[in-house]
Amino acid sequence: MASKSYRALVVVLKKTKLREKDLIVTMLDENGMLRQAVAKGARRPGGSFAARLELFSVVDGWFVEGRSLDVVTDAKFAEGYSAHQFGLEQAACASAVAELVSAVAQEGLVHERLFDMTTLALETIASSNPDVAVAICVADLLKTLAMVGFRPSFDTCVSCGRRIDWENAPSRMRLSIADGGVVCEQCGSVPDAVIVDANTIVWARTMLSRTFAEMADDPPDVSISFSLLQFIRQWVQAHVGKNLKSVDYLLVCGLF
Ligand SMILES: [Zn+2]
């Protein structure tokens with residue numbers, strides 16, 4: 001029986017070495033589904049189409065179904081998407097975007113806006129200075145979590161359901177990672193709640209509602225982005241069950 005072949009528009013999220021000359025490529029397709037395929041001979045010097053399977057780039061790929069993994073048979077840079085050059089800081093931010101997407105997207109599960117959001121975030125990160133890039137990265141991580149059903153509750157208290165009055169909120173607020181979000185003043189003593197700067201949560205809410213272009217025009221101070229990265233790291237650990245190595249790297253790399 002002939003193997004079935006197909007074409008897919010994908011963004012490259014990860015490349016893992018396989019044997020001496022091959023790669024496993026992890027990708028997100030335009031329906032928001034995760035795909036993995038083997039690129040045979042991709043690690044050979046001058047290896048044909050392998051150069052076009054550049055990390056974070058959008059690729060028009062041709063695949064053949066395999067017994068365990070599909071095989072990439074050809075790839076070219078997709079029309080309408082530019083190939084980006086990522087600086088060191090921008091690459092670190094893009095890695096966090098790609099790692100979270102790889103952790104939450106699934107094979108065969110459609111997430112309609114995930115591809116557009118991810119490619120736009122990567123494009124914006126590539127063309128931004130480091131402070132803006134990290135803000136776009138944080139905004140994308142929060143939006144991705146919200147899109148796949150792990151949106152933190154910033155508007156109502158996770159303990160009593162009371163609406164949080166952000167206009168008149170105290171400067172420090174309690175947040176419970178385990179319970180899923182902000183705890184109001186009246187419920188203050190939830191056991192695992194941590195105290196956070198209210199301004200940081202206000203920024204998280206802003207990031208969830210703004211476009212990447214709006215974020216790039218008016219980014220928060222880099223210290224706010226890093227407080228949110230700390231929060232996201234713990235949030236993903238608790239709710240997705242995954243340690244985001246690239247977020248750990250952003251937190252310790254000293255590039256920003
Ligand atoms: Zn409450």
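Order of appearance sets the numbers: ligands from 1, and atoms from 1 within every ligand.
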Item to check | ring-ring contact (aromatic ring centres under 6.0 Å, His included) contacts in which one or both residues fall within residues 54-111, not counting sequence neighbours | outcome: Y6-F63, F56-F86
Checklist entry - What pairs meet the salt bridge (Lys or Arg N to Asp or Glu O under 4.0 Å) rule with one or both residues in residues 18-34, with sequence neighbours excluded? => result R19-D22, D29-R35
Checklist entry - Nearest 0.5 Å, what's the OG-CG distance between S223 and D197? => result 8.5 Å
Checklist entry - Are side-chain N/O atoms of T26 and Q36 paired as donor and acceptor at under 3.5 Å? => result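 There is such a pair between these side chains.
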Next on the checklist: Minimum heavy-atom separation for Q90 and A126, please, with both atom names.
Outcome noted: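 In terms of heavy atoms, the two residues are closest at CG-O, 4.3 Å.
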Item to check | Pairing residues for F212 by the ring-ring contact (aromatic ring centres under 6.0 Å, His included) criterion, not counting sequence neighbours | outcome: none
Checklist entry - With a cut-off of 2.8 Å, which protein N/O/S atoms are close to the Zn ion (ligand 1), if we only count those under it? => result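 Near the Zn ion (ligand 1), below 2.8 Å, one finds C157 SG, C160 SG, C184 SG, C187 SG.
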